Amino acid sequence: PLEMSAKKPVPFLRQVVPVRKKVQRDPRFDDLSGEYKPEIFMKTYSFLDNIKKQEKEMVQKQLKKCQNMEQKEKLQRLLNRMTQQEQAQKKLQKLRERELSLKRQQRELAKQGKKPFFLKKSEKRKLELAEKYAELKRSGKLESFLNKKRKRNAIKDKRHLPSEKNL
C-alpha cells in the first residue's frame with residue numbers, strides 16, 4: 001500500500017520519563033575550562049620537559065645498544081622527532097618572550113604618557129630576521145647559511161631563464 005498504517009502497537013518497554021543524555025564536553029572548546037593562556041599552560045606543565053629529557057636520554061642509550069637495523073632506524077626517527085619538537089618549543093618560547101618584551105616596552109611608554117606604537121607584521125619579520133642573522137653570526141654559521149641561500153636563489157633564477165630547448 002502507498003500509505004502506511006498508524007496503528008502500531010506501543011512497545012512493551014517504553015520510556016515514560018525521558019533520561020538525560022550525558023553531554024560530553026571538550027575542554028579545548030568549552031568556556032567552563034577557562035581561557036587558554038600559553039604562559040600559564042607552560043608553567044603548569046613544565047614538569048613534562050624533564051620527563052621528555054629523560055625519555056630522550058633513554059632513547060639515545062637504546063640506540064647505542066641496539067643491533068637490529070630496523071629497530072635502530074625506528075629509534076633514530078624517534079630521536080629526530082624528539083629533537084625537532086624540542087627545537088620548535090624553544091623557538092616558540094623565544095617568540096613569546098620577544099612579544100612579551102615588546103608589550104612591556106609599550107606599557108612603559110604608555111606610563112610615560114607617550115602614544116603606544118605597535119609594530120606591523122613586516123616590521124616584526126624584519127626584527128626576527130635581524131635577530132636570526134645575529135645568532136648565526138655569533139655561532140659562526142652565517143657564511144654557510146648565506147651560501148645555501150645563494151644556491152637556492154640561483155636555482156630559482158635558473159628556472160626562469162630560457163632553456164636551450166626553447167632557443
Side-chain angles (χ1 to χ4, degrees), residues 19-66 70-161:
V19 180
R20 265 196 188 172
K21 198 175 184 183
K22 280 189 178 179
V23 179
Q24 291 183 339
R25 49 187 211 91
D26 193 342
R28 295 174 297 173
F29 309 113
D30 203 350
D31 291 333
L32 291 172
S33 303
E35 196 176 319
Y36 172 69
K37 294 179 183 171
E39 294 82 26
I40 295 171
F41 181 84
M42 293 300 286
K43 283 179 186 174
T44 310
Y45 293 100
S46 61
F47 66 93
L48 288 176
D49 294 335
N50 298 330
I51 294 170
K52 284 180 183 177
K53 274 185 186 175
Q54 290 171 353
E55 285 178 353
K56 189 177 174 184
E57 289 170 5
M58 277 179 34
V59 170
Q60 285 174 335
K61 286 178 185 175
Q62 284 178 353
L63 189 66
K64 285 180 183 176
K65 290 179 185 177
C66 189
E70 287 180 27
Q71 188 71 20
K72 206 169 195 174
E73 210 171 280
K74 273 186 180 179
L75 287 171
Q76 188 62 47
R77 277 196 299 252
L78 178 66
L79 189 65
N80 287 343
R81 193 171 75 225
M82 286 174 143
T83 52
Q84 285 174 352
Q85 284 175 349
E86 195 175 296
Q87 287 171 351
Q89 196 169 5
K90 283 181 183 176
K91 193 176 179 181
L92 263 173
Q93 189 67 29
K94 274 188 177 180
L95 197 119
R96 273 198 211 102
E97 285 174 9
R98 192 180 307 122
E99 285 178 1
L100 281 172
S101 67
L102 286 171
K103 281 183 182 178
R104 283 191 201 109
Q105 287 175 354
Q106 293 304 322
R107 280 194 209 114
E108 288 296 318
L109 290 172
K111 282 181 184 176
Q112 293 171 9
K114 295 179 182 174
K115 274 190 176 180
F117 173 75
F118 300 102
L119 290 171
K120 297 178 195 172
K121 246 186 187 178
S122 59
E123 304 272 325
K124 285 182 184 178
R125 233 180 272 129
K126 283 178 187 174
L127 283 173
E128 198 173 308
L129 193 65
E131 197 172 295
K132 184 179 180 181
Y133 274 85
E135 180 66 36
L136 285 168
K137 197 171 188 177
R138 260 185 270 135
S139 62
K141 297 176 183 174
L142 180 64
E143 199 59 41
S144 62
F145 175 77
L146 289 174
N147 284 336
K148 283 181 186 176
K149 199 166 182 90
R150 276 190 211 105
K151 283 180 186 176
R152 215 177 300 132
N153 288 339
I155 291 168
K156 283 182 185 176
D157 291 340
K158 277 185 183 178
R159 282 193 206 133
H160 296 297
L161 290 173

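Since the model is a prediction, treat every value here as computed from it, not as a measurement.
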Name every donor-acceptor pair, under 3.5 Å, that has one atom in a side chain of residues 42-66 and the other anywhere in the protein, sequence neighbours excluded.
from: T44; atom 1: OG1; to: I40; atom 2: O; distance (Å): 2.6
from: S46; atom 1: OG; to: K43; atom 2: O; distance (Å): 3.2

Charged N to carboxylate O below 4.0 Å: is that the case for K124 and E99?
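So K124 does not pair with E99 through a salt bridge.
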
Are K94 and E131 close enough for a salt bridge, meaning some N to O gap below 4.0 Å?
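Salt bridge between K94 and E131, a charged N being under 4.0 Å from a carboxylate O: no.
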
Any side-chain heavy-atom pair of [X] and [Y] under 4.5 Å:
X   : Y   : answer
L78 : R81 : yes
Q76 : K72 : no
K90 : E86 : yes

Scan residues 133-148 for pairs that pass side chain to side chain donor-acceptor pair (under 3.5 Å), counting only residues two or more places apart or in two chains.
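Listed once each, the pairs are E135-R138, N147-R150.
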
Would E70 and K74 satisfy salt bridge (Lys or Arg N to Asp or Glu O under 4.0 Å), going step by step from the backbone distance to the final call?
CA-CA 6 Å; E70 287 180 27; K74 273 186 180 179; over 6 Å; no

Report the C-alpha separation of Q93 and E97 in whole Å, then their side-chain angles, then the decisive distance to 0.1 Å, and conclude whether the side-chain contact (heavy atoms from CB on, under 4.5 Å) test is met.
CA-CA 6 Å; Q93 189 67 29; E97 285 174 9; 3.7 Å; yes

At what distance, to the nearest 0.5 angstrom, does [atom1] of [X] lie from [atom2] of [Y]?
X    : Y    : atom1 : atom2 : answer
R125 : L119 : CZ    : CG    : 12.5 Å
K132 : L129 : NZ    : CG    : 7.0 Å
K91  : Q84  : NZ    : CD    : 12.0 Å
H160 : K158 : NE2   : NZ    : 13.5 Å

Those residues that, when tested against L109, pass side-chain contact (heavy atoms from CB on, under 4.5 Å) (two or more places apart):
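Checked L109 against side-chain contact (heavy atoms from CB on, under 4.5 Å); matches are Q106, Q112, K114.
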
